[in-house]
Amino acid sequence: MNFAIIVAAGKGRRFGKPDKIFSMLSDKPLIYYTIKKFQDCKSIDEIVIVTQKNSFRKINEIKKQFNLSKIKKIIEGGNERQDSVFNGLKSLNAKSNDVVVVHNATNPLVRVEEITECISAAKKHGAAVAGFPLKDTIKKIKNNFVEKTLDRKDIFQVQTPQAVKYGLFAD
């Protein structure tokens, strides 16, 4: 089986409000678009939403309104992102070779193909992450002066989804 853990328990410090996942875009909440990509992905069997306790009702309403049937659990997040991911992992009834995909709720632009590719790569290599070659120039700074320009040909920017075989968490 393949599980998706969608992490939606953030405090919204940079955005300015803790419920940014419910910000409306084209008459639907932001989190809908993220969940929908995983709902539509044939490689995903179950979705777990990790969120703040006070968001459970709204997530359940979105699940029902848009028939997001792959959502099997809504659980409470932790103090930090890694705590929320850990809570999501603990909630799974997964086997060693099952793949777990972790994704940020505020990244609705993920493509179904990216999810599928991450799962395939994790099955083959144990873990995978979505990424792309860095385009920006990166400078190494020392004492407020440029020490050198880093060669970006081997530098990638990574993001979610991140996929891993469940058994690697226990090792």
Whichever hydrophobic residues join V146 through chains of side-chain contacts under 4.5 Å: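 Its cluster mates, by chain and number, are I141.
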
May I ask you to check whether over 12 heavy atoms, not counting those of [X], lie within 6.0 Å of atom [atom1]?
| X | atom1 | answer |
| --- | --- | --- |
| K73 | NZ | yes |
| N93 | CG | no |
| Y33 | OH | yes |

Within the structure provided, determine whether [X] and [Y] are in side-chain contact (heavy-atom separation under 4.5 Å).
| X | Y | answer |
| --- | --- | --- |
| R81 | V102 | yes |
| L89 | L92 | yes |
| V85 | N87 | no |
| T34 | N107 | no |
| V50 | I6 | no |
| K70 | D45 | no |

Spacing of CD1 belonging to I115 relative to CG belonging to N2, to within rounding of 0.5 Å: 11.0 Å

For E117, enumerate each residue passing the salt bridge (charged side-chain N to carboxylate O under 4.0 Å, His left out) test, keeping only those at least two apart in sequence or located in another chain.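 Salt bridge (charged side-chain N to carboxylate O under 4.0 Å, His left out) check on E117 returns nothing, list empty.
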
Cationic N near anionic O, under 4.0 Å, E46 to K72: no

Cation over ring face, K58 and F22, 6.0 Å, 45°: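 Satisfied, under 6.0 Å and within 45°.
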
Does the pair Q39 and S69 meet the rule for a side chain to side chain donor-acceptor pair (under 3.5 Å), with working shown? CA-CA 8 Å; Q39 176 76 31; S69 60; 3.1 Å; yes

